[in-house]
Amino acid sequence: DKGLVYPLQGADGEWETIFPNLIGDDPWCVTGDFNAMMNKHDRIGATVRWAKMQPMANCMNGCGLEDMKGSRRFYTWSNKQEGDKRVFSKIDRAMCNPSWCTQFPNAETIFLPENMIDHTPMVIKVLPSPMGKKPFKFYKYWSLKPDFGSTVQQGMYIGDVQAAVQDAKVKLEECKNLLHKDPQNKDLIDKKCQANK
């Protein structure tokens, strides 16, 4: 019963009632006309107010969703007016959770020319994963989690411990090499004992 979800067009409150039911560890992707923007850069030609963006932005961040990599067109809708009356908006999206990004790291949304309609058609292209080391990815919603700061600090501490262990290994190896040359040297024996700790 999980898969791709086509959203209802964003009346207030709908985001909060639909999407949290889909949160989980399974990979999932939400696509379609959200009829809402997530930030001020999603529209040109007319102003957009934070109150109109906030419900969708909060819900997508809360669900851990990010825009899938996209190409060709940024703005996905136009009012088809001319001159100063022309408005472009990014309201059609393909958004996915980290599990989707991990399982389909080469997935891409291709936004095609709008032609006669007011929305750009979108195609999701999923390519096989390349073999080898995966690049590090950071998702903005991680920073919104209450334990974000402590988790980062814990990771930094682990890095410090790893560096200290590596440093101790180097010092121990140096002592061993010197002891081979001078096995009776009391100072080197003491240094080796310290490095072993």
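Bear in mind that the values here come from a model prediction, so they are computed numbers and not experimental data. Just so you know, residue 1 is the first one in the sequence shown, and it goes up from there.
- Between atom CH2 of residue W100 and atom CE of residue M95 there is a gap of 13.5 Å, rounded to the nearest 0.5 Å.
- Residue V87 is not grouped with residue I117 when hydrophobic side chains (ILVMFWY) are merged at heavy-atom distances under 4.5 angstrom, including chains of intermediate members.
- Exactly one residue among C96, P98, P27 makes a side-chain contact (heavy atoms from CB on, under 4.5 Å) with Q103. That residue is P27.
- Linking Ile, Leu, Val, Met, Phe, Trp and Tyr residues whenever their side-chain heavy atoms come within less than 4.5 Å places M38 and V30 in a single cluster.
- For the pair H119 and I91, the minimum side-chain heavy-atom distance is below 4.5 Å.
- With salt bridges taken as basic N to acidic carboxylate O contacts below 4.0 Å, none links D92 and R73.
- Here the CZ atom belonging to F34 is positioned 15.0 Å from the OG atom belonging to S89, to the nearest 0.5 angstrom.
- Atom CE of M53 and atom CZ of R43 lie 9.5 Å apart (nearest 0.5 Å).
- Open room surrounds CZ on R72; 12 or fewer heavy atoms of other groups in view lie less than 6.0 Å from it.
- Across T31, D42, T109, a single residue satisfies side chain to side chain donor-acceptor pair (under 3.5 Å) together with R93, and that is D42.
- Checked by atom type, the side-chain pair S78/R86 shows a donor-acceptor distance below 3.5 Å.
- Rounded to the nearest 0.5 Å, atoms NZ (K125) and CE (M68) are 13.0 Å apart.
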Report task. Would you check, one step at a time, whether the test side chain to side chain contact (heavy atoms under 4.5 Å, CB included) holds for F111 with K90? Result -> CA-CA 11 Å; F111 294 98; K90 180 176 179 64; 4.2 Å; yes

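- Note on M60 and W28: same hydrophobic cluster, where clusters join Ile, Leu, Val, Met, Phe, Trp and Tyr whose side-chain heavy atoms are under 4.5 Å apart, directly or indirectly.
- Contact of the L112 side chain with the T120 side chain is not registered, since no non-hydrogen atoms from C-beta on lie closer than 4.5 Å.
- The local environment of CD in E82 is sparse, with at most 12 non-hydrogen atoms from other residues, nucleotides or ligands closer than 6.0 Å.
- Between D118 and K80 there is no salt bridge, since none of the side-chain N atoms of the basic residue sits less than 4.0 Å from a carboxylate O of the acidic one.
- The hydrophobic clustering, which links ILVMFWY residues whose side-chain heavy atoms are closer than 4.5 Å, places F104 and I124 together.
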Report task. Under the side chain to side chain contact (heavy atoms under 4.5 Å, CB included) rule, what do L65 and N97 come out as? Steps first, then yes or no, please. Result -> CA-CA 5 Å; L65 293 174; N97 68 350; 4.1 Å; yes

Query raised in the report: What do the steps show when you test S71 against E108 for side chain to side chain contact (heavy atoms under 4.5 Å, CB included), and what is the final call?
Result: CA-CA 7 Å; S71 65; E108 176 181 8; 2.8 Å; yes

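- Within a 6.0 Å radius of CG in D147, more than 12 heavy atoms belonging to other residues, nucleotides or ligands are found.
- Put simply, W77 and V48 are part of the same group of oily side chains (I, L, V, M, F, W, Y) that touch within less than 4.5 Å, one to the next.
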